[in-house]
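Report on one structure; see the data block that follows.
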Amino acid sequence: MNVYDSHRVAVILENLGFEQAVAPKYADLIIFNTCHIREKATEKLFSDLGRIAEVKQERADEGKDTIIGVMGCVVQAEDEQIAKRAPFVDFAFGPLAYYRLPEILEKAARRKGETVIDTEFLAESKFDFLPQNKSEGACSYLAIQEGCNNFCTYCVVPYTRGIETSRPVRDVLDEAKKLVDEGTLEINLLGQNVNSYHGEDEQGKERNLAYLLRKLNKIDGLKRIRYTTSYPADVDDDLIACHKEIKKLMPYLHLPIQSGSDKILKAMNRRHNVAQYLDVIDKLKEANPIIGFSSDFIVGFPGEDDKDFAATMDVVDKVKFIQAFSFKYSKRPGTPAAVMDNQVEEKVKKERLEILQNKLFDYQLKFNQSSVGKTMDVLFENKGRHAGQLTGRTPYMQNLYADANKDLLNKICRVKVKEATMNSLSGKIVEE
Ligand code: 5AD
Ligand code: SF4
């Protein structure tokens, strides 16, 4: 979502006459987009700001002004802290306020002393005021939903991105068509809770994600559809049916479970238990037998004991995720879990994360190895590290390298997979 927001901010700035600089020292304006999900992400901002303060000083010595801004969830949560810890920051705004950037910039240019801060949640939707999105290549993100009402006890999202809102069906379809006209082949629908999408159609009727997927399926020129991130309890039968019906829907789903222990899921305030999660997985596999799953895990949530952790390891063995993201529980100020008594020691969290990741990486490697010898569709998105190479994504989001002419950039090719590591595949193009 942050990549999407940054892209939209870049479009606003382009419309104001800005051009992208090749490095910070050439930039008159620098904006950091920030994440507050775990403590590490937040601290990274302050270390990056320290470095950029030096650039600002070097430029000042050459007689050049540099305006520095911070956007995103850290601002929403720690607005005053930013001004205190980094007073050279000229302006800061939250993730729902960025459509007001032109006004914010004007105020910042005139500021005397205080950092200009905008973290208001207004009733209006930013999407109604943003300039039209632009395709940046063959793969585009499209935000259809934002915010979250789930209030998992560890998570800051409902506080920083606000309550759940869905964009109207018409707006989503118009944006999708425009992106496809500009060269997009793959659309990844975004939302913190994307499968609880409930946007209104032109008759004012609420429509679900399945409805949107079926409409997108009809857009000529659109080849691939993905959606992320889904909440397990909100995967309904209509959505599952889409995985059978819609060939453009890629056979890969990110479906976070967080923990394999019902006790911990309850303490996390998740609206699903392990059995329900596994049931959804089974139904999706029935709809599309070649589907692969990825997930998010948190280890060391308050109260997690060895038995709970063993249950998480069991779930991994049951589902055999083809990719996963796993984290040590990180206390977030203002969330209920941060003040729970039975916090887990850092040392234990570290050990569990290592054990879990070894297992997850092992399944990921095995899955990648099982791709060797197969011929897959790959959408080439970028130049590779070596000359004459391109990199792209398989339907399963695996990163694949191949020797390829750069004319094949932003195209889908048939590629025979030759080698696999945990993080990537390499292959040979067999059909352009
Ligand atoms: N500590 C650790 N991981 C977290 N996540 C969200 N909040 C926290 C936290 N406080 C993880 C969850 C979520 C992913 C985006 O980040 O696994 O799915
Ligand atoms: Fe956070 Fe996701 Fe839970 Fe919402 S569903 S509170 S975004 S972890």
Side-chain angles (χ1 to χ4, degrees), residues 1-5 34-44 72-74 76-78 95-96 143-166 188 190-198 209 227-235 253-261 264-273 276-277 280 293-304 308-309 312 315-316 319 321 323-340 342-346 348-350 352-353 356-357 360:
M1 189 65 102
N2 270 8
V3 172
Y4 175 85
D5 289 340
T34 62
C35 177
H36 199 243
I37 199 94
R38 286 170 293 276
E39 191 179 0
K40 240 191 192 160
T42 303
E43 279 312 307
K44 192 167 180 299
C73 291
V74 174
Q76 200 63 46
E78 310 214 14
L96 302 187
I144 63 168
Q145 179 278 331
E146 182 163 25
C148 183
N149 297 345
N150 284 323
F151 290 91
C152 299
T153 51
Y154 51 82
C155 184
V156 288
V157 167
Y159 310 95
T160 56
R161 292 252 177 201
I163 55 153
E164 202 191 302
T165 56
S166 293
N188 195 341
L190 294 184
Q192 270 77 38
N193 223 328
V194 74
N195 61 324
S196 64
Y197 174 83
H198 55 268
L209 178 61
Y227 61 93
T228 195
T229 292
S230 298
Y231 190 78
D234 294 332
V235 179
L253 189 67
H254 183 59
L255 196 60
I257 184 167
Q258 314 296 355
S259 166
S261 152
I264 296 298
L265 290 175
K266 195 155 184 252
M268 286 175 163
N269 191 33
R270 301 281 294 179
R271 287 184 285 111
H272 61 88
N273 59 27
Q276 286 161 335
Y277 180 88
V280 168
F293 298 95
S294 73
S295 198
D296 289 343
F297 294 90
I298 297 176
V299 296
F301 183 83
E304 184 190 74
D308 300 314
F309 178 62
T312 298
V315 161
V316 176
V319 182
F321 296 96
Q323 232 183 66
F325 304 89
S326 46
F327 317 98
K328 287 184 286 184
Y329 167 69
S330 167
K331 267 191 190 179
R332 305 314 291 128
T335 59
V339 291
M340 287 180 183
N342 36 14
Q343 299 287 330
V344 174
E345 260 180 274
E346 185 58 29
V348 175
K349 285 188 205 171
K350 204 168 157 237
R352 288 185 186 157
L353 186 66
L356 174 64
Q357 288 189 334
L360 291 169

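Indexing begins at 1, ligand by ligand and atom by atom, following the structure's order. Hydrogens, waters and symmetry mates play no part in the numbers below; they use all other heavy atoms, side chains included. These figures come from a predicted structure and were not determined experimentally.
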Do the two ring centres, one from F321 and one from F297, sit under 6.0 Å apart?
yes

Side-chain heavy-atom pair Y154, Q258 within 4.5 angstrom cut-off:
yes

Looking at atom 4 (Fe) of ligand 2, is any protein heavy atom nearer than 4.0 Å to it?
yes

Assess the side chains of E39 and S330: does a donor N or O sit below 3.5 Å from an acceptor N or O?
no

E164 side chain to S196 side chain, donor-acceptor N/O pair below 3.5 angstrom
yes

Rounded at 0.5 Å granularity, tell me how far [atom1] in [X] sits from [atom2] in [Y].
X	Y	atom1	atom2	answer
Y231	R271	OH	CZ	4.5 Å
S230	L253	OG	CG	5.0 Å
Q192	T229	CD	OG1	8.0 Å

Residues in side-chain hydrogen bond (donor to acceptor under 3.5 Å, both in side chains) with N188, at least two apart?
none

side-chain hydrogen bond (donor to acceptor under 3.5 Å, both in side chains) filter on T160, not counting sequence neighbours, yields none

Numbering as shown, the atoms of ligand 2 that approach Y154 to under 4.0 Å (heavy-atom distance):
8 (S)

Under 3.5 Å, is there a donor-acceptor pair between the side chain of S295 and the main chain of I257?
yes

At a 4.0 angstrom heavy-atom cut-off, ligand 1 is contacted by I37, R38, Y154, Q258, D296, I298, F327, K328, Y329, S330, R332

Within a strict 2.8 Å cut-off of atom 4 (Fe) of ligand 2, protein N/O/S atoms tallied 1

